[in-house]
Amino acid sequence: MSVDAETLGTRTRRRVTGFFETLIAPRSERQRELRRIVALCVPFLLLVTFSGFFPLVEMFRISVSESQFVTEGFTLSSYRRLIADPYYRQVAFNSLWFAIVTTLASISVAVPVAHALEKYDLPGEQVLVTVLSFPNSLPGIVAAFMIIILFGNTGVLTNVLAFLGGRAPSSLAVATSVLGLFFAYLYSMIPRAMLLLRGTYAEVNTDAEEAARSLGATPLQTFRYVTLPQIKPGLIGAFILVFRTALAIFGTILILKSLLVWTLQINRELANGFNIAQASAMAAVWFVFVFAFTMLSLRYTSAEVTI
């Protein structure tokens, strides 16, 4: 066994040495191409290593630490608490159902918008696209304040509706309710779904749609049997992108505080008693769930989920 291990170690060292020699002094076009690929990937690998890998490793270490302020020992008490405590199970449930509902609503709105942008020659289309995609550049805190301005006790729409209905503005204010949070999420998520679906619509085979219409199919039948199968990869890609966004939103929920979700609870763990081990365990679970969800979902779509 020791001889085999030594032989394996020698072979490994030779391969590593040969790899670096190939990078330093390539002898063939294939080796020169390999060197270019490595050179192009080095900045990304450094970024992933120092801003991704190391922080994640430290986060997992903190989540199993027995001490609050020093990373030492090993315990799974923080993870057991997430499973056993009904409070954390409710937080997880809130996060999942709200993310699913807002994702489906966002995609439902984005589909007809993307359809209109790609299928029709709209006046001022570039300006319209700029306006529709502008929320992508705004932080969640700004979106929350906009919802307060519109639907708060002194909000613009709140007062208009109160005036028309003869009711007190406070009775119609929904900014800090789950409904207000729902609108705030849609404001941030619809543009992401719309931009991805717009690219998907650009690749739709219009000849097949025209053939279906010429054979007597209604617009709804054409969409269901011809267009929908073609945009299915984009729909799945949009679901992945928007669902991840819904799970990650923090600034909006921090201001409105309408629903206790995973990201808000992580903040509370740190703010109330600096329970960093529990917060790290929650962050670790979030990372593993989102990573696994993305990897599994990407098997069913060819759309680029990068926006």
Side-chain angles (χ1 to χ4, degrees), residues 30 33 36-37 40-41 44 48 96-138 140 143 182-249 289-307:
R30 173 58 183 167
E33 181 181 0
R36 289 194 293 269
I37 294 174
L40 291 171
C41 291
F44 173 74
V48 169
L96 290 175
W97 79 258
F98 195 70
I100 292 173
V101 169
T102 51
T103 296
L104 294 177
S106 299
I107 294 175
S108 298
V109 175
V111 167
V113 173
H115 180 91
L117 290 173
E118 285 301 318
K119 293 296 183 181
Y120 305 106
D121 187 14
L122 302 177
E125 182 174 333
Q126 294 301 321
V127 176
L128 184 60
V129 171
T130 301
V131 172
L132 291 175
S133 62
F134 186 70
N136 281 339
S137 62
L138 297 178
F182 175 77
F183 289 139
Y185 267 53
L186 294 187
Y187 182 79
S188 300
M189 292 156 54
I190 289 175
R192 289 173 169 82
M194 183 268 294
L195 290 175
L196 193 150
L197 288 169
R198 189 186 178 202
T200 302
Y201 262 105
E203 300 177 1
V204 170
N205 185 350
T206 56
D207 293 338
E209 292 180 322
E210 293 175 359
R213 293 297 302 274
S214 65
L215 292 174
T218 64
L220 182 59
Q221 290 174 327
T222 302
F223 176 81
R224 179 180 177 183
Y225 295 107
V226 180
T227 307
L228 186 59
Q230 295 186 68
I231 66 171
K232 182 180 177 181
L235 290 173
I236 298 175
F239 184 88
I240 297 171
L241 174 67
V242 177
F243 183 70
R244 292 187 317 185
T245 302
L247 291 177
I249 286 178
F289 175 81
V290 172
F291 186 83
F293 165 77
T294 303
M295 291 296 294
L296 291 174
S297 301
L298 286 177
R299 298 172 59 183
Y300 301 98
T301 181
S302 58
E304 294 291 337
V305 189
T306 56
I307 298 176

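Starting from 1, each residue takes its place in the sequence as its number.
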- prompt: Which heavy-atom pair separates S188 from A143 by the least distance, and what is that distance?
  reply: OG-CB, 4.0 Å
- prompt: When you look at V290 and F243, which way does the side-chain contact (heavy atoms from CB on, under 4.5 Å) test go after all the steps?
  reply: CA-CA 9 Å; V290 172; F243 183 70; over 6 Å; no
Parallel, tilted or perpendicular: ring planes of H115 versus Y201, cut at 30 and 60 degrees: perpendicular
- prompt: Quick one: are T103 and Y185 in side-chain contact, heavy atoms under 4.5 Å?
  reply: no
- prompt: Is there a donor-acceptor pair closer than 3.5 Å between any side-chain N or O of Q230 and the backbone N or O of N205?
  reply: yes
- line: Residues S106 and M189: closest non-hydrogen pair is OG-CB, 3.5 Å
field: Over 12 non-hydrogen atoms of neighbours within 6.0 angstrom of CZ in F293
entry: yes
message: Using every non-hydrogen atom in the two residues, find where G234 and T200 come nearest and quote the distance to one decimal.
response: CA-OG1, 3.3 Å
- prompt: Got a donor-acceptor contact below 3.5 angstrom from the T102 side chain to the A99 backbone?
  reply: yes
field: Minimum heavy-atom distance A238-I107, with the two atoms named
entry: C-CD1, 4.0 Å
field: V242 versus A193, closest heavy-atom pair with distance
entry: CG2-CB, 3.7 Å
query: In Å and rounded to the nearest 0.5 Å, what is the CG to CE distance from N136 to M194?
result: 7.5 Å
message: Rounded to the nearest 0.5 Å, what separates atom CG in L138 from atom OH in Y187?
response: 5.0 Å
task: Report yes if some heavy atom in the side chain of V101 is under 4.5 Å from a heavy atom in the side chain of F182; otherwise report no.
output: yes
- prompt: In Å and rounded to the nearest 0.5 Å, what is the CZ to OG1 distance from F289 to T294?
  reply: 9.0 Å
message: Within the 4.5 Å heavy-atom criterion, are L196 and L241 side-chain neighbours or not?
response: yes
- prompt: L132 pairs by side-chain contact (heavy atoms from CB on, under 4.5 Å) with which of I190, L195, V113, V127?
  reply: V113
task: State the CG-CD1 distance between L298 and I236, to the nearest 0.5 angstrom.
output: 10.0 Å
statement: Note: V111 and L235 closest approach over all heavy atoms is CG2-CD2, 3.6 Å
statement: So CG of L117 and CG of L128: to nearest 0.5 Å the spacing works out to 5.5 Å
